[in-house]
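Encoded as structure tokens, the structure appears first; notes follow it.
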Amino acid sequence: MRDKPLSLVLIVLSFAIFSLAGCVLRHDISGVWKSTIQASAAGGKEKWQGPAELTLNQIGDALTGTLVFAHPQAGRVQVPITSGTLSKDALTFSGQSQFPLGGSIEITFHGTVSGTSLKGTTDMTSRGLFGTVTNSGPLNLSRQ
């Protein structure tokens, strides 16, 4: 009879340890992130930069939101983030927006989260009256 309470304690303790082993640390990256976006065409041509603001909404590992930035030719660009995922420290998202006078922009981001910063690379493809332009560059943001 004496061993029964000890056995019960060991069973409960074992269950608690195995339950915690299955838990995964999940970053909550919902909120507003700000910085400067930089980009250039292939070979480093046509470099530009401007202020950027990323608003993210996170449900589990899924991300949605909006990326707003200033482009030297297009002005203020707002791209809805329609597809995004967060897996451990790695995140990706993408979105597309139509320009008022025709054309569109598609954006894809691949990066990592560490504390209060998001760091990665943005690939942008703009389609418009003057053809297709592809830019890429770093996007490093801080939580606001």
Side-chain angles (χ1 to χ4, degrees), residues 5-144:
L6 181 58
S7 297
L8 184 60
V9 169
L10 288 175
I11 290 171
V12 170
L13 189 57
S14 296
F15 179 73
I17 290 171
F18 287 118
S19 296
L20 290 175
C23 291
V24 176
L25 174 65
R26 181 178 295 170
H27 295 281
D28 179 8
I29 60 172
S30 294
V32 177
W33 302 77
K34 291 185 180 184
S35 187
T36 301
I37 190 169
Q38 301 174 33
S40 64
K45 297 178 182 177
E46 302 172 16
K47 283 186 172 184
W48 60 272
Q49 70 177 23
E53 181 175 297
L54 175 65
T55 303
L56 288 175
N57 305 308
Q58 179 182 353
I59 299 175
D61 292 338
L63 302 171
T64 58
T66 306
L67 175 64
V68 179
F69 62 93
H71 187 278
Q73 283 83 33
R76 183 178 184 271
V77 177
Q78 183 171 332
V79 180
I81 305 302
T82 55
S83 174
T85 59
L86 175 65
S87 178
K88 295 184 183 178
D89 294 338
L91 73 135
T92 60
F93 62 77
S94 60
Q96 177 178 329
S97 184
Q98 301 295 317
F99 293 130
L101 300 175
S104 64
I105 187 167
E106 296 172 24
I107 292 181
T108 303
F109 175 85
H110 299 278
T112 58
V113 58
S114 177
T116 59
S117 66
L118 300 177
K119 296 181 180 185
T121 302
T122 306
D123 297 312
M124 294 175 255
T125 302
S126 303
R127 293 178 178 80
L129 297 173
F130 303 109
T132 300
V133 177
T134 301
N135 292 273
S136 64
L139 179 58
N140 302 318
L141 300 137
S142 297
R143 186 184 293 267
Q144 298 298 301

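Numbers for residues simply follow the sequence, beginning at 1. Below, all heavy atoms of this structure are taken into account, side chains as well, without hydrogens, waters or symmetry copies.
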Identify the heavy atoms of [X] and [Y] that sit nearest to each other, and give their distance.
| X | Y | value |
| --- | --- | --- |
| Asn135 | Ala39 | CB-CB, 3.8 Å |
| Thr66 | Ile81 | N-CG1, 3.8 Å |
| Gly65 | Asn57 | CA-ND2, 4.0 Å |
| Leu86 | Lys88 | CD1-O, 3.7 Å |

Beyond-backbone contact of [X] with [Y], side-chain heavy atoms, under 4.5 angstrom:
| X | Y | value |
| --- | --- | --- |
| Thr125 | Arg127 | yes |
| Trp48 | Glu46 | no |
| Leu54 | Phe109 | no |
| Met124 | Ile37 | yes |

Reported [atom1]-to-[atom2] distance for the pair [X] and [Y], which is rounded to 0.5 angstrom:
| X | Y | atom1 | atom2 | answer |
| --- | --- | --- | --- | --- |
| Gln78 | Thr55 | CD | OG1 | 9.0 Å |
| Leu67 | Glu53 | CG | CD | 9.5 Å |
| Asp123 | Glu106 | CG | CD | 11.5 Å |
| Ile29 | Leu91 | CD1 | CG | 5.0 Å |
| Ser40 | Gln49 | OG | CD | 11.5 Å |
| Thr122 | Phe93 | OG1 | CZ | 6.0 Å |

Is a donor on one side and an acceptor on the other found under 3.5 Å between the side chain of [X] and the backbone of [Y]?
| X | Y | answer |
| --- | --- | --- |
| Ser97 | Ile105 | no |
| Gln58 | His27 | yes |
| Gln144 | Ser142 | yes |

What residue among Leu118, Thr64, Leu141 forms side chain to side chain contact (heavy atoms under 4.5 Å, CB included) with Leu56?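 Answer after filtering Leu118, Thr64, Leu141: Leu118.
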Between Thr82 and Gln96, does a side chain to side chain contact (heavy atoms under 4.5 Å, CB included) hold up when you go through it step by step? CA-CA 8 Å; Thr82 55; Gln96 177 178 329; over 6 Å; no
Evaluate the side chain to side chain contact (heavy atoms under 4.5 Å, CB included) criterion for residues Ile107 and Phe69: first the C-alpha distance (whole Å), next the side-chain angles of each, then the deciding distance (0.1 Å), finally the verdict. CA-CA 12 Å; Ile107 292 181; Phe69 62 93; 3.5 Å; yes
